[in-house]
There are 2 protein chains.
Amino acid sequence: MLADTHSRGTVDVKALLHHSPLFEGLDGAVLDEMLSHFRRETWKQGRQVSGQESGQRFHIILSGRLNMAQINPETGRMVTLFLLQPGDGFDVISLLDGRPDPVIFEAQDDLMMLSTPMQEARRWIEEHPAFNRSFLPYLGRQMRILADLAGDLALHDTETRLARLILRHVHQEEPGKPLRLTHNLSHESLAEMIGSVRVVVNRQLQHWQRDGVVVTRRGELIIKELETLLKKAMHLPHHRSHS
Amino acid sequence: MLADTHSRGTVDVKALLHHSPLFEGLDGAVLDEMLSHFRRETWKQGRQVSGQESGQRFHIILSGRLNMAQINPETGRMVTLFLLQPGDGFDVISLLDGRPDPVIFEAQDDLMMLSTPMQEARRWIEEHPAFNRSFLPYLGRQMRILADLAGDLALHDTETRLARLILRHVHQEEPGKPLRLTHNLSHESLAEMIGSVRVVVNRQLQHWQRDGVVVTRRGELIIKELETLLKKAMHLPHHRSHS
DNA sequence: CCGTCTGTGTAACCCTGGTAGCAGAAAAAA
DNA sequence: TTTTTTCTGCTACCAGGGTTACACAGACGG
């Protein structure tokens with residue numbers, strides 16, 4: 001089972017899952033038992049799958065990022081609800097209530113993941129109460145993300161939302177070195193994450209650039225004045241740490 | 001235990017909880033055990049409590065409605081995240097991850113509820129796996145509400161959002177009788193629920209009234225053309241006809 | 001019964017942010 | 001290389017919807 005996955009991928013699955021918010025602190029034996037029911041799955045970057053299609057299996061991301069978004073068919077616009085990362089599982093909502101989710105999953109990068117039938121995943125939850133110790137807090141975090149998003153959309157302008165988004169994705173390369181935005185987030189992606197549109201994001205970034213707050217190059221964003229950004233972002237309820 | 005609550009209130013607590021999405025299908029004995037750790041609590045209409053203050057106890061609503069909202073201190077504007085009703089519990093997010101929620105709870109009506117220390121509620125969840133059979137789907141529903149709200153805010157205009165909101169709260173009094181909006185939802189409340197503002201809601205309702213879609217009187221909204229509302233709720237961000 | 005309060009109707013204003021469109025730069029594919 | 005696609009920068013345009021302000025109605029409280 002795992003020997004196979006080990007030999008193929010570059011990822012140490014068990015180590016990853018032990019640090020995953022979903023499985024951390026779970027007994028190794030139980031984890032093995034779970035893993036034995038998984039199969040590996042890969043999606044190529046850019047692949048889009050509707051909640052309908054993926055609805056019968058529960059997935060856990062091993063590598064790459066996955067965009068869970070809602071779409072307005074009329075305008076073609078999208079909002080990102082979650083940007084899922086290695087260790088995250090989806091679709092949690094379907095897992096909980098058994099109904100398909102009217103969302104689109106889009107592979108932001110090439111994806112490696114594990115998947116198992118929804119029913120199987122639900123069985124564990126019932127049979128392994130220990131799983132709840134990490135699963136329930138994980139659900140809480142996901143709900144918070146949604147609540148914050150909704151609050152932001154209703155209460156704050158695009159400048160504030162963009163500032164907050166960037167701060168949440170600031171990457172500390174080395175102490176003393178310039179702060180940059182985590183790679184591969186296009187203006188388009190940024191826009192979807194704050195419920196806006198590419199042009200507006202670009203406009204705002206240019207403003208900030210003229211004011212010396214940031215510097216943008218293609219596919220790269222360097223924060224020059226963190227303080228200023230923090231002030232612009234400050235306009236909301238409490239913000240959380242970590243990333 | 002229950003005898004006491006029975007004697008005081010007009011509500012049959014056990015019957016209510018049996019139909020509550022949180023406790024339905026739970027063994028009567030277990031339910032009694034749980035209830036023995038609850039104490040009764042009442043809030044008067046209009047009372048506001050922050051997530052900080054209420055954060056140490058988990059509540060279950062017996063009667064009345066409770067508004068869980070986020071607020072922007074700068075502008076004073078609010079968005080309703082959930083309109084909680086009898087059978088609902090709060091704060092579920094804090095229950096899950098143990099952190100206080102940066103939200104405001106506002107009693108829409110006079111409230112009767114049960115409350116218990118968060119720790120106690122968490123203990124049940126651990127000790128009574130059966131509880132999960134209703135609790136997890138409940139969480140799913142709550143997450144869906146948040147996801148829909150966020151999606152709506154980002155992707156649809158106020159007209160669409162208002163139409164959807166109204167349709168979600170249409171009350172079928174009698175077959176053949178006029179459809180009305182469920183009582184006590186002021187324009188202000190409606191606005192908060194769609195992440196907008198009273199003036200805009202009123203403006204929209206007047207438009208619809210002129211077009212014969214609805215009729216409004218003080219504290220009352222009658223739907224004349226359900227079909228039209230359904231169409232507006234469906235999807236149509238931009239159209240330019242009529243004069 | 002009268003003053004006060006809360007909900008509603010309406011108007012003028014105007015600014016954020018979304019639409020449409022194009023052009024150049026970089027990257028990817030051929 | 002050349003071609004094609006993906007990102008980015010920039011402009012002109014304008015409408016949705018938010019802000020403010022005031023008047024009136026019914027409800028409420030004393």
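Only this structure's heavy atoms are used, side chains among them; waters, hydrogens and symmetry mates stay out.
- The nearest heavy atom of DNA chain D to A:Q209 and to A:R203 marks one nucleotide each, and the one closer to the 5' end goes with A:Q209.
- The aromatic rings of B:F105 and B:F90 sit tilted, their planes meeting at an angle between 30° and 60°.
- Proximity of a side-chain donor or acceptor of B:R164 to a complementary backbone N or O of B:A233 within less than 3.5 Å is detected.
- The CD-C1' distance, from A:Q45 to D:dC7, rounds to 13 Å in whole Å.
- In this entry the distance linking CD of A:Q108 with P of D:dC7 reads 10 Å, nearest Å.
- Between the side chains of A:E41 and A:W43, at least one donor N or O lies within less than 3.5 Å of an accepting N or O.
- In this structure, A:H187 reaches the D:dG9 phosphate: one of its side-chain N or O atoms is under 4.0 Å from OP1 or OP2.
- Atom pair B:L153:CG and C:dG18:P shows a separation of 13 Å (rounding to whole Å applied).
- Defined by atom type and a distance below 3.5 Å, a donor-acceptor pair is present between the side-chain atoms of B:T80 and B:N67.
- We find that NE2 of B:H207 is positioned 11 Å from P of D:dG17, with the value rounded to whole Å.
- For the pair A:E106 CD and D:dT6 P, the interatomic distance rounds to 12 Å; values are reported in whole Å.
- Listed pair A:S186 / D:dC7 fails the phosphate criterion, with no side-chain N or O lying under 4.0 Å from OP1 or OP2.
- Not one side-chain nitrogen or oxygen of B:T75 sits closer than 4.0 Å to the OP1 or OP2 atom of D:dT19.
- Between B:E188 atom CD and C:dG9 atom P there is a gap of 14 Å when expressed in whole angstrom units.
- The phosphate of D:dC10 has OP1 or OP2 within less than 4.0 Å of a side-chain N or O from A:R210.
- A:S196 has a side-chain polar atom (N or O) that falls below the 4.0 Å cut-off from OP1 or OP2 of C:dG18.
- The CD atom of A:E220 sits 17 Å away from the C1' atom of D:dG9 (whole-angstrom rounding).
- The nearest pair of heavy atoms linking A:L185 to A:H169 is CD1-ND1, 3.8 Å.
- One side chain, B:Y138 or B:D88, offers a donor N or O that lies under 3.5 Å from an acceptor on the other.
- Here B:T158 does not reach the OP1 or OP2 of D:dG18: none of its side-chain N or O atoms lies under 4.0 Å away.
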Exercise for the section: Let me have a per-nucleotide readout for nucleotides 21-30 of chain C, 5' to 3', with B, S or -, counting only protein heavy atoms under 4.0 Å. Expected result: -----BS---

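- Checking C:dG17, C:dG18, D:dG9 against every side-chain atom of A:R77, the shortest atom distance belongs to C:dG18.
- When the C1' atom of D:dG18 is taken as reference, atom CE of B:M78 falls 18 Å away, rounded to whole Å.
- Within the structure, salt bridge (charged side-chain N to carboxylate O under 4.0 Å, His left out) pairs that include any residue of residues 43-72 of chain B comprise B:R65-B:D109 (at least two apart or interchain).
- The residue among B:N202 and A:E159 whose nearest nucleotide of DNA chain C lies closer to the 5′ end is B:N202.
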